[in-house]
Amino acid sequence: GAVVSQHPSWVICKSGTSVKIECRSLDFQATTMFWYRQFPKQSLMLMATSNEGSKATYEQGVEKDKFLINHASLTLSTLTVTSAHPEDSSFYICSARDPRRSYEQYFGPGTRLTVT
Amino acid sequence: AQTVTQSQPEMSVQEAETVTLSCTYDTSESDYYLFWYKQPPSRQMILVIRQEAYKQQNATENRFSVNFQKAAKSFSLKISDSQLGDAAMYFCAYRIGLYSGGGADGLTFGKGTHLIIQP
């Protein structure tokens with residue numbers, strides 16, 4: 001099946017620092033990946049669409065300069081939270097679109113970010 | 001913009017019984033997909049079932065089936081013979097068709113229903 005990994009699964013960082021989260025499609029090439037954010041006991045909110053070799057498309061209300069997305073290869077997209085603050089603490093989940101399976105989206109296991 | 005509404009924050013069912021989770025959505029598109037995802041405590045999103053809007057036949061996956069009412073924009077999930085392992089958060093989600101959306105086909109989720117299975 002289609003496998004998507006995320007690294008790290010859990011990260012703690014200090015306020016003001018930056019942290020990078022990786023999303024990898026392990027057994028397929030994904031021209032498009034998506035980043036979602038999930039607050040505790042809430043739903044998933046789409047943050048941005050990441051396209052290989054081009055700029056990401058951000059949803060309304062998502063700060064582009066705070067959440068930097070890079071999709072440099074067909075198997076890797078990264079989300080960098082810059083100058084992190086405690087309110088950025090959340091669960092970040094990526095998904096990748098698999099062209100072999102009618103462009104179905106497959107989710108990574110998520111990354112829990114805690115900013116102290 | 002599309003919206004997805006789940007009006008049941010929590011549902012409880014006895015093991016081996018049947019339960020139905022409700023979902024309504026709003027869209028002006030004709031080409032779209034609807035999904036039910038399960039999120040257990042591990043928080044890994046698991047696809048339960050999907051429905052293409054152009055298909056009139058309701059999707060079925062083993063004990064899981066949907067009642068897709070396109071005109072009413074309703075998409076409910078029925079779980080038959082509920083098992084303890086079914087306990088999780090269930091999210092209804094919408095996605096525009098790949099070509100209709102021009103690649104902007106990220107998922108829109110409802111707020112979720114917490115399903116409790118009583119042994």
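For the numbers below, each heavy atom of this structure counts, side chains included, while hydrogens, waters and symmetry mates do not. All chains are named by letter (A, B, ...) in the order of the sequence lines, taking the proteins before the strands, and each is independently numbered beginning at 1.
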Quiz prompt | Atom NZ of Lys66(A) with >12 non-hydrogen neighbours under 6.0 angstrom | solution = yes

Quiz item: Are Ile117(B) and Phe64(B) connected in a single hydrophobic cluster, I mean Ile/Leu/Val/Met/Phe/Trp/Tyr linked by side-chain heavy atoms less than 4.5 Å apart?
Solution: yes

Self-check item: Donor-acceptor contact below 3.5 Å, side chain Ser43(A) vs main chain Gly110(B)
Solution: yes

Quiz item: Should we count NZ of Lys111(B) as having more than 12 external heavy atoms under 6.0 Å?
Solution: no

Quiz item: Quick one: what part of Gln38(A) sits under 4.5 Å from any heavy atom of chain B, side chain, backbone, both or neither?
Solution: both

Quiz item: Is it the case that one hydrophobic cluster holds both Leu79(A) and Leu76(A), taking links as side-chain heavy atoms less than 4.5 Å apart, direct or via other members?
Solution: no

Quiz item: When heavy-atom pairs shorter than 4.5 Å are enumerated against chain A, which of Arg43(B), His114(B), Met89(B) gives the highest number?
Solution: Arg43(B)

Quiz prompt | Side chain, backbone, both or neither of Tyr106(A) within contact of chain B (heavy atoms, under 4.5 Å) | solution = neither

Quiz item: Is it the side chain or the backbone of Gln39(B) that comes within 4.5 Å of chain A heavy atoms, both, or neither?
Solution: side chain

Quiz item: At what distance, to the nearest 0.5 angstrom, does CG of Asp105(B) lie from CZ of Phe34(A)?
Solution: 4.0 Å

Practice problem: Give the minimum heavy-atom separation between Tyr37(B) and Glu104(A), together with the two atoms involved. | Solution: OH-OE2, 4.5 Å

Self-check item: Same apolar cluster: Tyr33(B) and Leu47(B), side chain cutoff 4.5 Å
Solution: yes

Quiz prompt | Cluster link Val11(A) to Ile69(A), ILVMFWY, side chain under 4.5 Å | solution = yes

Practice problem: Indicate, with yes or no, if Trp36(B) and Ile96(B) share a hydrophobic cluster defined by side-chain heavy-atom contacts under 4.5 Å among Ile, Leu, Val, Met, Phe, Trp and Tyr. | Solution: yes

Practice problem: For Gln42(A) and Phe91(B), work out which heavy atoms get closest and say how close. | Solution: O-CZ, 4.0 Å

Quiz item: Rounded to the nearest 0.5 Å, how far does CZ of Arg95(B) lie from CG of Leu46(A)?
Solution: 12.5 Å

Self-check item: Closest contact, heavy atoms only, Leu107(B) versus Tyr36(A)
Solution: N-OH, 2.9 Å

Quiz item: Is the number of heavy atoms from other residues, nucleotides or ligands under 6.0 Å of Glu87(A) CD greater than 12?
Solution: yes

Quiz item: Distance from Gln44(B) atom CD to Ile93(A) atom CD1, nearest 0.5 Å?
Solution: 8.0 Å

